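One structure below.
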Amino acid sequence: EVSALESRFADFLDSSLASKANMAEEKDRIKTMISDISHQTKTPIANLLLYSELLSEGEELSPEGKESVEMIHSQTEKLRFLIDSLVKLSRLESGIVAIDAKKNSLKELLDSVVTELGVKASEKGLKLTGPSDDRSDVEAVFDMKWTREALINIVENAIKYTDSGSVEISLSTTAVFARIDVKDSGIGISEEDSAKVFQRFYRSSEVSQREGVGIGLYLAREIITDEGGYIKLSSVKGEGTTFSIFVPVN
């Protein structure tokens, strides 16, 4: 009986080692594929954007022609955003890029996001504000690069669906979590859609005509979850939405 048990354990170990080797091989294949996709599409997309900009500056185009060129440019930008998002997501899900959560400054994180997206908000006539007191000068455990990616996705989302008013970023802390709130005065999210907005590629029929591909919030949640945090939202239809990001303090 002991010998039979030993044999079964040996078979299990061999099987596990083979599975581990297969997983490593599959990860390498995914890594190569992601690299190929990113490399092979970068130049064509850049050329499409360049030539569409050159065409739009031409004086011989009819109004219909200029509208078509603008549509080409817009859809190419959408394609570039989609490919970039899918590459980032694939790297996270395949483990090619790991979240490196460590003590970082929340003030540095929030200031960089407000600085980057302030112009975009102003172009829509919106006011983007961050925490105004010294409470933002605290530390929490998160990956600066990837958490910034997640927060930018959420703030950009707020700007996109807010036609007038403001987008406010605030911060509060407890003994366990630091909480970042992104509050907008936009169109709001229905109760039905609130349960679905974090799904990959989900877009409500109410916003299907607006810019977007439905992957930003999904990517944001994956990043924050990998850090040991979580995201929740509260919204009133027609009055605005608040996304709350919780990251561990210790």
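As the structure is a computational prediction, the values presented were derived from the model and not from experiment. Numbering of residues begins at 1 and proceeds along the displayed sequence.
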Would you check if the side chain of Ser74 reaches a backbone N or O of Glu70 as a donor-acceptor pair within less than 3.5 Å? no
Within the structure provided, determine whether Ile187 and Lys237 are in side-chain contact (heavy-atom separation under 4.5 Å). no
Report the residues that fulfil side-chain hydrogen bond (donor to acceptor under 3.5 Å, both in side chains) with Glu67, sequence neighbours left out, ordered by chain and then residue number. none
When you check the gap from the basic side-chain N to the acidic O, do Glu123 and Lys120 get nearer than 4.0 Å? no
To check you understand the geometry: which heavy-atom pair defines the closest contact between Leu171 and Ala178, and what is its length? CD1-CB, 4.4 Å
So does Gly125 get a backbone contact from the side chain of Ser122, meaning a donor-acceptor N/O pair under 3.5 Å? no
For the pair Ser235 (side chain) and Gly240 (backbone), establish whether a donor and an acceptor sit closer than 3.5 Å, ignoring hydrogens and angles. yes
Is there a side-chain contact between Ile159 and Leu117 (heavy atoms, below 4.5 Å)? yes
Does the side chain of Lys183 reach to within under 4.5 Å of the side chain of Val167, using non-hydrogen atoms? no
Reported OH-to-CD1 distance for the pair Tyr161 and Ile189, which is rounded to 0.5 angstrom: 9.0 Å
At what distance, to the nearest 0.5 angstrom, does CG of Leu217 lie from CG of Asn157? 4.5 Å
Can Val141 be reached from Ile223 by stepping across I, L, V, M, F, W or Y side chains whose heavy atoms are under 4.5 Å apart? no
Nearest 0.5 Å please: distance from the CD1 atom of Ile45 over to the CD atom of Glu77. 9.5 Å
Please indicate whether Lys102 has more than 12 foreign heavy atoms, meaning atoms of other residues, nucleotides or ligands, lying under 6.0 Å from its NZ. no
Test of understanding: clusters of I, L, V, M, F, W, Y form through side-chain heavy atoms closer than 4.5 Å, transitively. Do Leu48 and Val69 belong to the same one? no
State plainly whether one hydrophobic cluster holds both Phe246 and Trp146, where clusters connect Ile, Leu, Val, Met, Phe, Trp and Tyr through side-chain heavy atoms under 4.5 angstrom apart. no
Please tell me if the side chains of Leu5 and Val2 come closer than 4.5 Å, counting only heavy atoms from C-beta onward. no
Hydrophobic cluster membership, with links at side-chain heavy-atom distances under 4.5 Å among I/L/V/M/F/W/Y: are Met144 and Val247 in one? yes
Are the side chains of Ile152 and Glu116 in touch, meaning some heavy atoms are under 4.5 Å apart? yes
With clusters defined by side-chain heavy atoms of hydrophobic residues (ILVMFWY) lying less than 4.5 Å apart, directly or transitively, does Ile245 cluster with Val249? no
Heavy atoms of Gly118 and Leu128 approach each other most closely as N-CD2, 3.8 Å
Spacing of CD1 belonging to Ile169 relative to CD1 belonging to Ile180, to within rounding of 0.5 Å: 8.5 Å
Quick one: CG on Asp184 to CD1 on Ile154, what's the gap to the nearest 0.5 Å? 11.5 Å
Closest heavy-atom contact between Ala158 and Val182? CB-CG1, 4.2 Å
Using a 3.5 Å distance criterion without hydrogens, assess whether the side chain of Lys124 forms a donor-acceptor pair with backbone atoms of Thr162. yes
Gly165 and Ser185: which non-hydrogen atoms are nearest, and at how many Å? CA-OG, 3.4 Å
Among side-chain atoms of Thr147 and Glu227, is any donor-acceptor pair under 3.5 angstrom? yes
Could you tell me whether the side chain of Ile231 reaches within less than 4.5 Å of the side chain of Phe198, counting heavy atoms only? yes
Going by distance alone, is a donor N or O of one side chain under 3.5 Å from an acceptor N or O of the other, for Asp181 and Ser244? yes
What verdict does the side chain to side chain contact (heavy atoms under 4.5 Å, CB included) test give for Val155 and Val114, after you've listed the backbone C-alpha separation in whole Å, the side-chain angles of each residue and the deciding distance to 0.1 Å? CA-CA 9 Å; Val155 176; Val114 171; over 6 Å; no
Can you find a heavy atom in the side chain of Leu109 that is under 4.5 Å from one in the side chain of Asn104? no
Holding to side-chain hydrogen bond (donor to acceptor under 3.5 Å, both in side chains), I want the full list of residues that pass it with Ser112, two or more places apart in sequence or in another chain. Arg148
Can you tell me how far apart CD (Glu222) and CD1 (Ile99) are? Round to the nearest 0.5 Å. 10.0 Å
Without swapping roles, check the side chain of Ser15 against the backbone of Asp11 for a donor-acceptor pair under 3.5 Å. no
Do side-chain atoms of Ser166 reach the backbone of Glu168 as a donor and acceptor pair under 3.5 angstrom? no
Scanning both residues in full, the closest heavy-atom pair of Asn250 with Lys103 reads OD1-NZ, 3.7 Å
Please check: side-chain N/O of Lys107 versus main-chain N/O of Pro131, any donor-acceptor pairing under 3.5 Å? no
Test Arg179 against Thr174 for side chain to side chain contact (heavy atoms under 4.5 Å, CB included), laying out the working first. CA-CA 8 Å; Arg179 171 176 173 168; Thr174 67; over 6 Å; no
Please list all pairs meeting ring-ring contact (aromatic ring centres under 6.0 Å, His included) that have one or both residues in residues 162-185, counting only residues at least two apart or in different chains. Phe177-Tyr230
